[in-house]
Trainee: 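Would you mind keeping the following structure in view while I ask a few things?
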Amino acid sequence: MEEGFRDVAALSDVPEGGARRVRVGSAEVALFRQNGRVFAMEDYCPHAGVPLSEGELEPGIVRCWHHGWEFELETGACATCPSRPAVTYEVRIEGDRVWVRV
């Protein structure tokens, strides 16, 4: 695997249509699985500071459960407040393992 990537979970640990929180070094990372793809972002809402892994997953977005801010899974862009995106991380799947570059 390329430098900087860390093995963070088994693919089966991230439920389709759901999320899983993992620690990568000192970072809390939310893994989301949708349509067979896995996305990773900092598990922290830039607005409310609550875990995005506890949010509602919809097609292409996660909605923060606290105030309803929406973040694109792929880019972290925030539809609610474009100046406050979520931090995203690059994901690779190798075999049945999920690797994230933080």
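When a residue number appears, it is its place in the shown sequence, counting from 1.
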Trainee: Locate the shortest heavy-atom distance separating N35 from E16; write the atom from each residue and the value.
Mentor: N-OE2, 2.6 Å

Trainee: Mind checking what makes salt bridge (Lys or Arg N to Asp or Glu O under 4.0 Å) contact with D13, not counting sequence neighbours?
Mentor: none

Trainee: Tell me every residue that passes salt bridge (Lys or Arg N to Asp or Glu O under 4.0 Å) with E56, counting only those two or more places apart in sequence or in another chain.
Mentor: R63

Trainee: Give me the other members of the hydrophobic cluster that I61 sits in, counting Ile, Leu, Val, Met, Phe, Trp and Tyr linked by side-chain heavy atoms under 4.5 Å, directly or via other members.
Mentor: none

Trainee: Please lay out, stage by stage, how R33 and V38 fare under the test side-chain contact (heavy atoms from CB on, under 4.5 Å).
Mentor: CA-CA 4 Å; R33 188 170 178 187; V38 176; 4.1 Å; yes

Trainee: Is a side-chain donor or acceptor of R101 paired with a backbone partner of G4 at a separation under 3.5 angstrom?
Mentor: no

Trainee: Who pairs with V87 by side-chain contact (heavy atoms from CB on, under 4.5 Å), at least two apart in sequence or on another chain?
Mentor: E42, Y89

Trainee: Nearest 0.5 Å, what's the SG-CH2 distance between C78 and W69?
Mentor: 5.0 Å

Trainee: Before giving the answer on side-chain contact (heavy atoms from CB on, under 4.5 Å), spell out for D96 and S12 the whole-Å C-alpha distance, their side-chain angles and the decisive distance to 0.1 Å.
Mentor: CA-CA 7 Å; D96 70 339; S12 60; 5.9 Å; no

Trainee: Can you pull out every ring-ring contact (aromatic ring centres under 6.0 Å, His included) where at least one residue sits in residues 22-45? Sequence neighbours excluded, please.
Mentor: none

Trainee: Give the cluster check for V62 versus V50: same hydrophobic cluster or not, with ILVMFWY residues linked at side-chain heavy-atom distances below 4.5 Å.
Mentor: no

Trainee: Which residues satisfy the salt bridge (Lys or Arg N to Asp or Glu O under 4.0 Å) test with R20, sequence neighbours excluded?
Mentor: none

Trainee: Suppose the criterion is salt bridge (Lys or Arg N to Asp or Glu O under 4.0 Å): which pairs have a residue in residues 73-89, not counting sequence neighbours?
Mentor: R37-E74

Trainee: Nearest heavy-atom pair of P85 and P46: which atoms, and what distance?
Mentor: O-CG, 3.3 Å

Trainee: Might you point out which heavy atoms bring G68 and T80 nearest each other, and give the distance in Å?
Mentor: O-OG1, 4.2 Å

Trainee: What's the shortest heavy-atom distance between A86 and M41, and which atoms?
Mentor: CB-SD, 3.9 Å

Trainee: According to side chain to side chain donor-acceptor pair (under 3.5 Å), does anything in residues 21-32 pair up with another residue at least two apart or in another chain? List the pairs.
Mentor: R21-E28, R21-D43, R23-E28

Trainee: Not counting sequence neighbours, which residues clear ring-ring contact (aromatic ring centres under 6.0 Å, His included) with H67? List them please.
Mentor: H47

Trainee: If you compare all heavy atoms of L11 against all heavy atoms of V98, which two are closest, and at what distance to 0.1 Å?
Mentor: CA-CG2, 3.9 Å

Trainee: Between L31 and V8, is the side-chain contact (heavy atoms from CB on, under 4.5 Å) condition met? List the steps.
Mentor: CA-CA 9 Å; L31 301 176; V8 298; 4.0 Å; yes

Trainee: Which pair of heavy atoms, one from F71 and one from G76, lies closest together, and at what distance?
Mentor: CD2-O, 3.6 Å

Trainee: Sequence neighbours excluded, which residues qualify as side chain to side chain donor-acceptor pair (under 3.5 Å) partners of T75?
Mentor: E72

Trainee: Evaluate side-chain contact (heavy atoms from CB on, under 4.5 Å) for L57 paired with L73, printing each intermediate quantity in order.
Mentor: CA-CA 9 Å; L57 197 59; L73 295 175; 3.8 Å; yes

